Amino acid sequence: MHTVLDPATEEVVTEVESLDAAQVDEAVARAVAAGPAWRAVAPADRARLLRRFAAVVDAHVDELAELEVRGAGHTIGNARWEAGNVRDVLDYYAAAPERLFGRQIPVAGGMDVTFREPLGVVGIIVPWNFPMPIAGWGFAPALAAGNTVVLKPAELTPLTALRLAELGREAGLPPGVFTVLPGKGSVVGERLVTHEHVRKIVFTGSTEVGTRILRQAADQVKRVTLELGGKSANIVFADADLERAATSAPAGVFDNAGQDCCARSRILVQRGAYDRFLELLEPEVTALRVGSPAEPDVDMGPLISAGQRDRVRGFVENGAGADGGPVDVAFRGSAPEGPGYWYPPTVVLPRSTADPVWREEVFGPVVAVLPFDDEAEAVALANDTEYGLSGSIWTRDLGRALRVARAVESGNLSVNSNSSVRYSTPFGGFKRSGLGRELGPDALDSFTEVKNVFFADD
Ligand code: NAP
């Protein structure tokens, strides 16, 4: 059994069973058995089922959100958005079963056509930071394409995924089509990755575990989609609307207490605007309301665990600079005392780009700000990282926005905005931020094999 704690109070929420490898094998066998009937469901009927699933999720948005507040410490506003996002992703992919188009290719001697076929059983491994959306981005397109799904939530945050599986059954998904298996990564996750009947793994989590999964998958030439870490840059040019850039910067990094792979945790500001930008940023950060995530007017809740809080602290305190020297805190907000895994939103000024706070993924409410001189330096600094997931460019110069967007090595960029994810557009990383794309039409393709069939005309 695993105890789920409320990160805001450290109280026990509930106990959840931790499954073993034999139970994973049984679930995969059920998913294999459910496959032929599921892929044979008429496209319009599969579409109807997914729409019904979306409607059932919609009817339970508040319940799912409250579960995420208690079990993952998400603010109630964010948690409602996240549950609504699962509904929207299901709705979006409900259109897919009737649009899984193949092609007819001109060839000599007959007719050539391609079909898009499901892969079979898809294993989805989800991290603790966004338990609902990341689950939905995997299971919605996988199911729409005719696959069956076995999903492992993070051990710390299994509650909403377990509830979503119940809601799927309530909506009419046949047994074995969508199963959620709580348990440890080293047991349930590992068995899904190595199981010969699991044809694809969708993994979201750390680059370390993702790399291991990629190696293991190679043995079976298993398909993988990896969504890994990030160290994204928020690039602010002096000609930008500085007020807009500064007022939206906190949400771009402190949302979900910074436990966001898309967090813009490095802010690069052109030297002429640097002092003014910090002046504008300070009141935004100090005004953030950090506290009980169940309260509707709270901006930021706790971190997921004591271990995560201590890790975050380690990037800022006690000689955390690259040379063992201090990291300068420019300013910070407040955080509650007492039980709960709290850390205040914190803005630091690194002394060197070698400082761990500048180089490594903090995955907490800490942002580092550095000045740059010109466009070339901004691009070089933005790209000086092993990651390439997200980022923003703030400028009024459209040509510059285009040049910089092309030059930054990142899967998702936004201009004059901090947004990263829309369910209809591709999401994923360059470099060590991942492999493949989720969401939009690209994800749907990744859950199918292309079969080419030639019909002779003689
Ligand atoms: P993690 O330790 O890599 O865990 C992610 C998931 O993998 C959890 O369900 C975990 O199970 C499981 N797991 C652990 N070891 C495994 C193994 N050997 N085989 C198979 N599965 C295994 O990452 P995390 O700490 O939960 O999440 C934080 C990381 O996720 C950050 O680096 C963040 O950037 C990244 N992330 C990326 C994206 C993106 O879309 N690019 C989105 C969100 C998060 P347990 O729960 O039992 O540990």
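Whatever order the structure lists them in is the order used to number ligands and atoms, beginning at 1. Predicted, not measured: the structure shown is a model, and the values here were computed from it.
For the ring-ring contact (aromatic ring centres under 6.0 Å, His included) condition, no pair includes a residue of residues 323-361, sequence neighbours left out.
Among protein residues, Ile125, Val126, Pro127, Trp128, Asn129, Ile134, Lys152, Pro153, Ala154, Glu155, Gly183, Lys184, Gly185, Gly189, Glu190, Phe203, Thr204, Gly205, Ser206, Val209, Arg212, Ile213, Glu227, Leu228, Gly229, Cys261, Glu361, Phe363, Leu389, Phe427 come within 4.0 Å of ligand 1, judged on heavy atoms.
By the 30° and 60° cut-offs, the orientation of the rings of Phe178 relative to Phe139 is tilted.
Remark: Glu337 engages no residue in a side chain to side chain donor-acceptor pair (under 3.5 Å) (not counting sequence neighbours). The side chain to side chain donor-acceptor pair (under 3.5 Å) test applied to Arg289 returns Asp299, not counting sequence neighbours.
A cation-pi contact links Lys200 to Phe447, judged by a cut-off of 6.0 Å to the six-membered ring centre and 45° from its axis.
The pair Arg163-Glu166 counts as a salt bridge, with a side-chain nitrogen and a carboxylate oxygen less than 4.0 angstrom apart.
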